[in-house]
Every structure is written in structure tokens, then in C-alpha cells.
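All heavy atoms count here, side chains included; hydrogens, waters and symmetry mates do not. Proteins come first, then strands; the chains are lettered A, B, ... in the order of their sequence lines, and each starts at number 1.
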Amino acid sequence: MSSRYNHKEVEKKWQTVWSDKKIFQTEIDQNKEKFYVLEMFPYPSGKIHMGHVRNYTLGDVVARYKRMKGYNVLHPMGWDAFGLPAENAALTEKKHPESWTYQNIKTMKNQLLKMGLSLDWTREIATCHPDYYKHEQKFFIDMFKAGLAYKKEAEVNWDPIDKTVLANEQVIDGRGWRSGAVVEKKKLSQWFLKISKYSDELLRDLEKLNNWPNKVKIMQSNWIGKSTGAEIDFKVLENNKKIKVFTTRPDTIFGATFIALSSEHELVVEISKKNIELQKFIKSCERLNPEKTKKGFNINLFVDHPFIRGKKLPIFVANFVLKEYGLGAIFGCPAHDQRDLDFARQYNLEVIPVVKPNNVNLNSFNINDEAFTDEGILINSEFLNGLNINDAKNKIIDEIENKKIGKKKVNFKLRDWGISRQRFWGCPIPIIYREDGEILTVEEVDLPIKLPEVENFSESSSALSNISSWKETVCPKTGMKAYRETDTFDTFFESSWYYFRYCNSRLDKPFEKKDIEYWLPVDQYIGGIEHAILHLLYSRFFTKALRDLNYFNLNEPFKGLFTQGMVTHLTYFNKKGEWVEPKDVEKIDGQLKDINGYDVETGKIEKMSKSKKNVVDPNDIINSYGADTARWFMLSDSPPERDLQWTETGISASFKFINKVYELVDRSKNYKSASVEDFDILDNLKSIINEVSENIESFQFNKSVAKIYEFVNILSNSLSEKKMSEKGFKWSLGKLSVILHPFIPHISEEIWSNIDNSTLCINQSWPVEEVKKKTKFKLAIQINGKTKEIIEIDDSLSKQMVLELVKNNDKIKKNISGKNIIREIYVPGKIINLVV
RNA sequence: GGGAGUAUGGCGGAACUGGUAGACGCGCCGGAUUCAAAAUCCGGUCACUUCGGUGGUGUGGGUUCGAUUCCCUCUACUCCUACCA
């Protein structure tokens, strides 16, 4: 494609101007309303991908628009710089993860700079820098002192060949990704944060997040998993010990026919010490999927039924009872729980129905292979008989509390957040273990605990526990020998507070309270749906925890959230079934061929990924078409929340548009026109401008784009047919550059500079146009709801006058001749409907 | 199994609280320009049609003067979650 518009030159020029004039550097200004726009910061993996381009383009539209609307906009960027890929790269390249990371940051920053984003780069952060992570070491110490951080045993994935702990993503089909060895579960003592303390608040406050997608709120709410029920004690006959059970269906207690315990229940652990059969059973369950096979082991002990005198229930160890949920123990009521029923049938246990459907006769109701879990009426349940489920629940809970054998209980699925990672490239946990067994937090003056310098990074140095020179230390108080905690933080720790750090990223404290008060919460956060639960939940927790540690007074970090769709691309594969890169595919005589001339077929449209080879490199696109073209394509057609399909025709359409706009401006330089009546045209343009604004406000950028196409088409048409006055045309071009600005800022500045060389387009205020009320409108005439004719009428006409006009219309006359009009419905400004 | 969402031309997608279905872009067709092509510009483009019309928003039904929009049924696809007692 040829063009006189030189995107490389123009884009570079304006990027330099913005940067030289420090346009995007922001400071607190109490006279202006603030607006904090944030996109989820990238992991510095090497180069930016289309997902980043889409994410940051969306954010930039908001940031530039809000700025032109007069807000004091904070729009920062940084790097989520700790993580496993750096360790892997360090192993293969024999370099320190740090140098690999900073190299990537440099490359990716250059790529982002070329996109022309309105970022305040003076606030840039990299979470792997000690000036960043030293503050989170302080947070951890505060949390530890406040009882929010604690240590307990937890399982990790252990690779017996590499003798290393593996992250979940390093375990592929149960095997270590590097060694291929079958991964073992190993128990280690690890650090946890008490997010569960905030379960209720995290759930409740979701309701206040009005500018969050419902989908995300539902996902978080399910994850927190609140359920109300009861805790009930069962007494073991043989030894008088108590088994505590959690249930959401205490109303079915009279249908209880057995007790089931998880293999890690303390009673089971105790018994299994002396019972080899039980040990074998537990071992055999490890390889079973309980969803397919439910297995139990009868330990020949019984409990008393708390409400039925003399009734004994057998106790099983069962593979379908979860150890992490509730109390690791349940009572089985087979008639009203499918899992219990499956289990009962297998071990010939009693099935006693205690709830029957409302409209079914008691005699004709029985349980076969399907448990009855719907609403109904209590039966076979003494004092509960005849009640509905809800009333029965309340009554039995009262009874349980009266008898002091349990209580009403709210249970959450949410587990505490395990933050220990047995890795090198992460933030060290500031704890030392003294030889006398004391666990101490590192003194504040000794922070940061920096990562060690390591030459020739290798497997053996990939965990801090192997670096004894770093690990060994002395207690600063007593001089006793001590060693450091060698676990590092989960990288979600860094991303849980980076949005606070942007307020003043060079400060010696994590942040200043007054800055937080001005800038937070983030008004618009934008990122992928994949962070719906973990990152966003951890950040919400962190905010509440820091609030309780008196850092500030803020309840929620992100006021508005937007989750964008993925960037997808058609896949290609050859006869051998190998994926083929799009750039290697060519259409020859209607047949797709690869570079070797072999036939290629198209596969599904999928998310861009290296493995499917359907990736398009943003760098190539920006180099050959320019940033504006890439941005325009990202914003056209697809609504931001949906997936965007990358196509070659799409990108060239965007390129065409950019050039068309340039040509239009170029051709209009000597525009001369006799004085013409252009009120209608200008009015139309004005209402288009307002619609562009509305669509930006509601995050429907694809609709803004469509409106801008209309705007440009009108201008282009007016130019060739001389429909507008010189003054009107010049006005329109000015407005065009302004409304283009948030989307494609470079060409926008270029056009603006033709109009006014002394100011910048980014500094113009966003237009709000007054559109005169139309005096005429188009009225659709319907017969029985079907449109037959459209006429233009005056606004001031009464219904009677309109009716007369309509009935005298030739076409309508024909349609209604010989028929009776039963009803006439007139909606002014829209339709008139004659019912015949 | 549980939860959420989506379905409109050849394609991506518009249609405000029910009121002219298909805006805008792509593709395709025709024309202009050109020695020719690319690029560019102009026009057309839901289907059927006896050119009067008729049908049409995944399926079937309902409410209404009027339904892409509201209610019910079914189907297909996508995502999340999963023995959560």
C-alpha cells in the first residue's frame, strides 16, 4: 500500500512532543477532580503481545478522554517482575534472573512507547527492585504482628528427581515438567495470610461494587462460598469422643444413617496408627477419583443418634469426604443427598426418607436411585413432621442449641492464602529462625532483605535454601546462630498493592496517606477476566488488611472494573497436522499454501498462542502500519468485552481509514466554497459528536468508531460536493481531530497542528455540543404494526392533523380502502399505527 | 452435577426505556480512472418475487395495536466451577 502519510515520522514527532512537554506527568491538584485509570501491569516476558495492545489501547482511550474532559488523570505503568519464567531463562542462559528481567523490561518499554500511550512514566515501578519489595516485607511483618500471617503445614508438589518443589503450572499430567518424574505430595511448613478473617466483609462489599461486571462478582461470591447450617456433635459409643459435623441440612437429621470421615480426620489418623488395613485403604484412595468411585472403610465404631434413643450409626472413612471443607466429617443422609445415596447402596446402609414432595402421597413416595433434594414436607421426623424445610431447619437448630450438642454455623469455602513459594526469583520473607527455636521477624532497620548475587545460575541455586552463605545469619539481639526463611512470596503479593505505590513510587515509605486519599480508589481498572478471582480478591483483601493496620482508611481498591475479551486468530495446519504461522500462509489459485508450497487448511479461531502458532506480533504491525492503525483496529467492530478476531483485512481497513482521513485533510487545504446553507449538516455532525461521547462513557468504543466513520463520510462527501461553508468545514475539521484523539492520537495531533499550530490537541477540552431540536421528523406509517410508508412531517402537528395527512396518503388510501379502522395509535416522533 | 453468558445478512457487529431490523466496517458485484494492475473514487448488496408485494433476528409458543427487545419451552455453543455436605 502506498501513501503520502508517513506514520513513522508523524508518530515519532508527536511522541517526542508529548514527552518533551511532560504532558502526561501528573501531580496532585486539589482544584481538579481526579481520575485514576489503570491497566493490569504486564509480566516482562520478552515482548508485548496483542492482548497487551488491546488492554492498553482501551485504557488509553479512557485516560485521554477523561483528561480532555478536565479530570486530573493518573495513568501509570510498571512491571510485575518476579516469577518463574525468569528462573527458567536464567537456567538456560546461565544469567541471573535479574538481568534477563531488566533486559525484557527495556525492550517492552520501548514497544509501549511506540504505541503512544498517555502514561506517566516517571512513576514506573518494577516489583523485583528492592525499593519496591522492601515495603511488602514491612507489610508482612506488620501482618505477622497483627496475627494476619501465620505458619502451618501444607502440601507442595515435590519432584523426587530434581529434588525441588514445583509450582502447579510445572506439573503436567501429574509429572514434573523438566524431569518427567511422578510428582509426590510433600508436607512443608509454610506461611499463610488470614484472608478467611475477611470472608464475610469480602462477600458483603461486593454489593457496593456497582461498576464491576456482574460475572466477576458472582465468581468471587462463589469462591468465597458462604453457606449457613449447623455444627452437630456425635458421641462415639466406644470411647465417648465427640465427632463434630457440619451440615447445611440439619433438618434431615432423622434420616441420618451413617457418619463419614475424611482420611485426615484426627480420629482416623489415630486409629490408622494401629490399623494396617485402614492404612492400606487410605493409600489405595490416593489414586481414585471419588467422583467415579466412592469407597468407604468401616472402622467398626458407632455413634449415638442425638435425637433417636438407642439408634446407632456406623462410622466410615470415605474417600469423598473433603478434609479442607467444613470439619472433615459428615453425617450421611442417603435419602436426600446423591453422594450419600450412592455410598449407602454400595454398603447396604439404611435409606430413610424424611422429606417428601409437597403434592405426593406419602404411600407412593419412595427413594430408588435418585436422592430427593427439592423443597418438600418433613416426614418420619417426630417433632419436625409437617414442617417445610426452612421451618424445620430453624426448629432443629433451636433443639440442638437447647441440648447443647451444637450450634448454628456459617461456613466459608474460602481458604487462607498460602504465600510461601520455594523459589529463588521472588521477594524473600523477612523471618529468621534462631537456633533456640525462636521465630523472629527481621528488624525494620535491616530491611530490605535482598536476594543474593549468584553467578552461574543453576538448578542448585534455584532455591534460596541451597545458598548457605545467604541462609546463615545471626540474631541481631542475642548474637545466636540463626538462619533465614528461604521461601519467597507468591507473586500475587506484589500485585496486591502496586496500585498504591504508583501514588509516589520513589518515596522511602510505601506511600503517603494523603496521596492515597487523593488518588484512590482506582476509578477504572482494566484487564483480563482470568484475574477475576485471585488477583482481584487478594487485592481487595490487602486493602482491607492495610486499612486495619492503620495505613489508610480505604475499603475497596477498585471502584470500576472492566474485563476485556481475548485477541483471537484463525489457525492453520498442514497435512502432517502441524500448526502453520499465518505469515507463512499464502493463497495461490484459491488454495492455501505454506512457504514450501504444501497445502494448508484452516482450523478453529482461537486465542493467539505460541503453541497454535496463530500469533501476530504487534511490533511488526506497528512498524509497517503504525500505532494509530493498530489502535484503530483494536477499537473497531468488536465490543471491548468480547473476543476480537485479528484479521489481515481488518488491519488494512484501519490503515485505509487513517490514510483516508489524512487525504481528506490534505485535499481540503484550499477549500473554497460559495456561501451555502449548512446548518443541517453541522447539526448532524454535532449530534454525532455527542453520540461519540456517550459511547465512550459506556465503554462501547466500537460504536464510537462507527459514528466517527459517519462523521468522516459526511465531511468527505461535503468536500467533493461543496456542501459546506469554509467556516463550517474548518470547524468540522477541528472537531474531527478532537474526537479522534483518544483513539488515534498521533494523526489527531497532526490534523490539529494544521488548524492551530500554537496548541496541542491533547490540551483541548472535549466538546459538548448543543443540538437544536428538530422541527421535522420522519414518521413511519404502519397498518397492523407493519410499516407501509414513511413521511416527513412537522413537529407541531396535532394527532388529528397527522391522521388526516396519513389517510390522504395515496399508498395508505389503497391499503385501507374498504376496511374499518378500529384503532389509531400515534407515538409522536416515531410511528402511527392504524389497526384495521 | 452447579453457576453465568451468548445466538441478528457471506463475516465482525448496530437497533436508547417494546415503535422504520441490518447503522458502521469487511467481503462480494457493477462502474470510473489506468496501456494494464495496485491504490483511489462512485453506485449496489437480507431472501424470495408475477415488481403489486411476501417472508425474515437459533426452535416452538405466549403477552401486545406492534416483540431482536418482555414471559415460558426446547436446541446449540462459550466460559467459570466442581464430591463444598
Checklist entry - Are side-chain heavy atoms of A:V616 and A:H569 found at a separation under 4.5 Å? => result yes
Item to check | Selection from B:U20, B:C65, B:G12 that lies nearest to any side-chain heavy atom of A:I790 | outcome: B:U20
Checklist entry - Could you spell out the base pairing of RNA chain B in dot-bracket, with Watson-Crick or G-U pairs whose two distances are under 3.5 Å, [ ] crossing and | to another strand? => result (((((((..(((......[....)))((((((.......))))))(((....)))..(.(((..]....))).))))))))....
Checklist entry - If you measure only the distance, is there a donor-acceptor pair under 3.5 Å linking the side chains of A:Q564 and A:R642? => result no
Checklist entry - Of all the nucleotides listed (B:C84, B:C24, B:U20), which has the minimum atom distance to the side chain of A:R339? => result B:C84
Item to check | Mutual orientation of the aromatic rings belonging to A:F701 and A:F743 [parallel < 30°, tilted 30-60°, perpendicular > 60°] | outcome: perpendicular
Next on the checklist: Classify the ring geometry of A:F492 against A:H535: parallel below 30°, tilted from 30° to 60°, perpendicular beyond 60°.
Outcome noted: parallel
Checklist entry - Among pairs that include at least one residue of residues 245-259 of chain A, which meet salt bridge (charged side-chain N to carboxylate O under 4.0 Å, His left out), considering only residues two or more places apart or in two chains? => result A:R249-A:D251
Checklist entry - Any idea which of B:C80, B:A85, B:G13 is nearest the A:M219 side chain? => result B:C80
Item to check | N/O (side chain, A:N222) to phosphate O (OP1/OP2, B:A4) under 4.0 Å | outcome: no
Checklist outcome for this item: With sequence neighbours left out, the residues meeting ring-ring contact (aromatic ring centres under 6.0 Å, His included) with A:F316 are A:F343, A:Y347
Next on the checklist: Taking 4.0 Å as the cut-off, does a side-chain nitrogen or oxygen of A:S720 come that near to OP1 or OP2 on B:C41?
Outcome noted: no
Next on the checklist: Quick check on B:A85: is either OP1 or OP2 less than 4.0 Å from any side-chain nitrogen or oxygen of A:Y325?
Outcome noted: yes
Checklist outcome for this item: Regarding the side chain of A:A780, the nearest nucleotide among B:G27, B:C24, B:U20 is B:U20
Next on the checklist: Regarding A:K788, tell me which of base, sugar-phosphate or nothing describes its non-hydrogen contacts under 4.0 Å with the strands shown.
Outcome noted: sugar-phosphate
Next on the checklist: Taking 4.0 Å as the cut-off, does a side-chain nitrogen or oxygen of A:K215 come that near to OP1 or OP2 on B:U6?
Outcome noted: no
Next on the checklist: So, OP1 or OP2 of B:A85: does either fall under 4.0 Å of a side-chain N or O from A:R249?
Outcome noted: no
Checklist entry - At under 4.0 Å, does any side-chain N or O of A:R642 touch on OP1 or OP2 of B:U6? => result no
Next on the checklist: Using OP1 and OP2 only, check whether a side-chain N or O of A:N713 sits under 4.0 Å from B:G25.
Outcome noted: yes
